[in-house]
Number of protein chains: 2
Amino acid sequence: MHVLVCEDDELIASGIVAGLTAQGFTVERVATAGAARAMLRAATFDIMVLDLGLPDEDGLKLLQQQRSQGLEIPVLILTARDSVTNRVDGLQAGADDYLLKPFDLRELAARLQTLLRRVAGRRVNLIEHGRLAYDPSSRETFLGGQPVDLSRREQALLQALLHNKGRVLSSEQLKDSVYGFNDELESNALNVHIHHLRRKLGNGIVETVRGLGYRLGPADGGEDAP
Amino acid sequence: MHVLVCEDDELIASGIVAGLTAQGFTVERVATAGAARAMLRAATFDIMVLDLGLPDEDGLKLLQQQRSQGLEIPVLILTARDSVTNRVDGLQAGADDYLLKPFDLRELAARLQTLLRRVAGRRVNLIEHGRLAYDPSSRETFLGGQPVDLSRREQALLQALLHNKGRVLSSEQLKDSVYGFNDELESNALNVHIHHLRRKLGNGIVETVRGLGYRLGPADGGEDAP
DNA sequence: GCGTTGATTAACCGATGATTAACCCAGGCT
DNA sequence: AGCCTGGGTTAATCATCGGTTAATCAACGC
């Protein structure tokens, strides 16, 4: 899922990018309406997150203009102003949903998922790997067809691994994708989560590369009990 | 989109008709409750705009009576009175949204769009889910064939969940569908209603997804007492 | 064998949701 | 009008779960 985030505030933007990346989205971020326009021309996106208070141009203007040019992807508006007028204007201009700042990252992710599903109610991005299947949109994990209950951190971990099939991820990298970039964590919490993952999905899923980190096990082998 | 506008003031009515027509709506306009009744009998509408200050009959009376007869299209109420009581009355009587006079035409159009979008796809008459059945037109709920008495909020909650089978709805999203957009609610009222729902329908109906929200339980399992 | 690295386990803590009770308000009834 | 009832909201308390920590154990490399 390709998301275009248009937000000028550095702090907020980095939060969004980190959060959505952790949720399995591929995120491009721009800070101005001009840049957004360029990005929209250059690539195709599945959904867009648009802040209204941009430096160079009113976000609504941008939206309206893009809509009139045939932009059809769902757009979620971020706004700090909480007046009714703005909300109405937003919907009128072609927004599909809105979120008032400050907002919860999980809330944002949830709304994006809902929007995506509304447009195309299918299971698009089911990630499969051997007996394992993961659906980011419903946040469901299946092992040999059976649903498996994973906690938030376990999911994040699994996603990071699935997104980098075959590659070795260092603890630092994993930490970045499971926690934000900011959080400091000085403990073996990651180890513990890896352990939980293995317990739930079988030992073959996560491979240890001593001294370097972890990587996803081979798709075929690595059954639970060999 | 077929809209029924029930408004006695000529000036306002013509404004609405002009505005909505320009927006692409097909508009029928009547000036009295009696005429509205006739129209509703004669044709099918997608949405209704209802003024409360009608000459022959109270608009709320009309709404209530129509609702009790199975009218299920969204109804937006127009009212000159600005007391909170009236708004509550309106929602109670079965309105889906309300607008205070004087209002902005764009706002009216935007609200109608929102209403339509909210109910789009909910055209089926009986929603079934495992032992559970819900009839939106009569607003009746059945569990294993037995009617269950649900309060207004409980119904709204159940409806929102049924309308999004399998999806996780955040409390924000649920709040939006149970309460209007405007009402601010800073309490765990939703939790309480969920609790009531479970008490009445059994624990399997509503699933908690920790940190994310709630979703409808699986259709098969989740009996009351396993 | 020794040290380092990762695995495992149990304990603790905080966050989140569930539960319950009290209160408030509106509507219906007398 | 005044009372009564019931749903809705608030708030306070309880329970549970997940996350982190830390301590111990096993494996691997030297």
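Bear in mind the structure is a predicted one, so any value in this text is a computation, not a measurement. Order of the sequence lines sets the chain letters (A, B, ...), proteins ahead of strands, with each chain counted from 1.
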Checklist entry - Rounded to the Å, how far apart are A/Glu154 CD and D/dT20 P? => result 11 Å
Checklist entry - To the nearest angstrom, how far is A/Leu157 atom CG from C/dA7 atom P? => result 12 Å
Checklist outcome for this item: Of B/Leu190 and B/Asp149, the one whose closest nucleotide on DNA chain D sits nearer the 5' end is B/Asp149
Checklist entry - Step by step, would you call B/Leu4 with B/Leu50 a side chain to side chain contact (heavy atoms under 4.5 Å, CB included)? => result CA-CA 8 Å; B/Leu4 178 60; B/Leu50 176 63; over 6 Å; no
Checklist entry - To the nearest Å, how far apart are A/Leu150 CG and D/dC17 P? => result 16 Å
Next on the checklist: Tell me whether the side-chain N/O atoms of A/His193 come closer than 4.0 Å to OP1 or OP2 in D/dG18.
Outcome noted: no
Next on the checklist: Whole angstroms only, please: what is the CG-P distance between A/Leu197 and D/dG19?
Outcome noted: 11 Å
Next on the checklist: Can you work out whether A/Arg153 or B/Ser151 has the more 5'-proximal nearest nucleotide on DNA chain D?
Outcome noted: B/Ser151
Checklist entry - When you look at A/Arg215 and A/Leu169, which way does the side chain to side chain contact (heavy atoms under 4.5 Å, CB included) test go after all the steps? => result CA-CA 6 Å; A/Arg215 90 177 131 201; A/Leu169 295 176; over 6 Å; no
Checklist entry - When the distance from CZ of A/Arg139 to P of D/dG18 is rounded to whole Å, what number comes out? => result 16 Å
Checklist entry - Quick check: does any side chain N or O of B/Thr208 sit under 3.5 Å from a backbone N or O of B/Arg210, one acting as donor and the other as acceptor? => result no
Checklist entry - Checking A/Asp9 side chain against A/Ile12 main chain: does a donor-acceptor pair fall under 3.5 Å? => result yes
Checklist entry - Could you walk me through whether B/Ile77 and B/Met48 pass the side chain to side chain contact (heavy atoms under 4.5 Å, CB included) check? => result CA-CA 8 Å; B/Ile77 278 183; B/Met48 178 175 179; over 6 Å; no
Checklist entry - Can any side-chain N or O of B/Arg198 pair as donor or acceptor with the backbone N or O of B/Ile205 at less than 3.5 Å? => result no
Next on the checklist: Each nucleotide in nucleotides 9-21 of chain C should get exactly one letter: B, S or -. Can you fill that in based on protein heavy atoms under 4.0 Å?
Outcome noted: B-----BBSSBB-
Item to check | Listed nucleotide nearest any side-chain atom of A/Ser187, set D/dT20, D/dT21, D/dG8 | outcome: D/dT21
